[in-house]
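The structure appears below as C-alpha cells.
Any value given below was found using the heavy atoms of this structure, including those in side chains, with hydrogens, waters and symmetry copies removed.
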Amino acid sequence: MKYKCIKEMCLPKFDGDGFEIPNEYGFVDVGSIWERNDRWNLIGGDVHLDSLDDNSDFGWVEMPIDDLEENFVLIE
C-alpha cells in the first residue's frame, strides 16, 4: 500500500540500528510518497513506511496507527 503525506511531520532521527540520535530531527514533507511495509518493524511503531522519494530526511519512519490516519492518505 502506498501513502501520501498530507500534513508535515517533525520526527526524531534514528540510526541504522534503531537507536534515536540525540537532538537530531527531520521532516516528512507534504506530498511525499511512502510505501507501507508490514514485514519490518525496527523501533516498535504500529506502522512502518519506506520512503519512495529521494528528497526525504528519512528513508523510513514508524508511527502509531493514529498518526498514520491523521497525516497520510492511502493512494494505492
Side-chain angles (χ1 to χ4, degrees):
M1 291 183 277
K2 293 183 183 174
Y3 291 85
K4 181 177 180 179
C5 180
I6 58 170
K7 184 177 175 186
E8 185 177 67
M9 300 175 70
C10 180
L11 300 171
K13 289 189 174 187
F14 290 82
D15 66 18
D17 294 320
F19 294 100
E20 188 172 337
I21 302 169
N23 302 316
E24 286 198 32
Y25 297 87
F27 289 92
V28 175
D29 297 322
V30 171
S32 59
I33 306 298
W34 300 78
E35 186 166 34
R36 186 170 176 167
N37 183 343
D38 290 330
R39 294 172 290 183
W40 188 254
N41 184 317
L42 187 61
I43 61 171
D46 295 332
V47 179
H48 179 98
L49 299 176
D50 292 314
S51 174
L52 297 180
D53 293 333
D54 291 333
N55 62 351
S56 175
D57 282 348
F58 298 99
W60 58 270
V61 294
E62 289 183 10
M63 66 193 68
I65 193 74
D66 291 342
D67 287 351
L68 177 73
E69 293 171 351
E70 180 180 337
N71 297 293
F72 292 85
V73 293
L74 181 64
I75 57 172
E76 283 183 33

(message) Below 30° counts as parallel, above 60° as perpendicular, anything between as tilted: where do the rings of W60 and F14 land?
(response) tilted
(message) If the test is side-chain contact (heavy atoms from CB on, under 4.5 Å), which one of V28, N71, V73 qualifies with K7?
(response) N71
(message) So, applying side-chain contact (heavy atoms from CB on, under 4.5 Å) with F72, which one of I6, D67, L49 is it?
(response) L49
Are [X] and [Y] in one and the same hydrophobic cluster, where Ile, Leu, Val, Met, Phe, Trp and Tyr link if side-chain heavy atoms are under 4.5 Å apart?
X: W34; Y: M1; result: yes
X: L74; Y: V61; result: yes
X: M63; Y: F27; result: no

(request) Taking all non-hydrogen atoms of both residues into account, name the closest pair between E20 and P12 and its distance. (result) OE2-CB, 3.4 Å
(request) Write down the atom of I75, the atom of K4, and the distance for their closest heavy-atom approach. (result) CG2-CB, 3.8 Å
(request) Taking N37 for its side chain and H48 for its backbone only, find out whether a donor-acceptor pair lies under 3.5 Å. (result) no
(request) Look at the side chain of D15 and the backbone N and O of D17, then say whether any donor-acceptor pair between them is shorter than 3.5 Å. (result) yes
Enter the distance from [X]:[atom1] to [Y]:[atom2] here, rounded to the nearest 0.5 Å.
X: D57; Y: L11; atom1: CG; atom2: CG; result: 9.5 Å
X: E35; Y: Y3; atom1: CD; atom2: OH; result: 10.5 Å
X: E24; Y: K13; atom1: CD; atom2: NZ; result: 6.0 Å
X: E70; Y: I65; atom1: CD; atom2: CD1; result: 12.5 Å

(request) State, yes or no, whether a side-chain contact exists between R36 and L68 at a heavy-atom distance under 4.5 Å. (result) yes
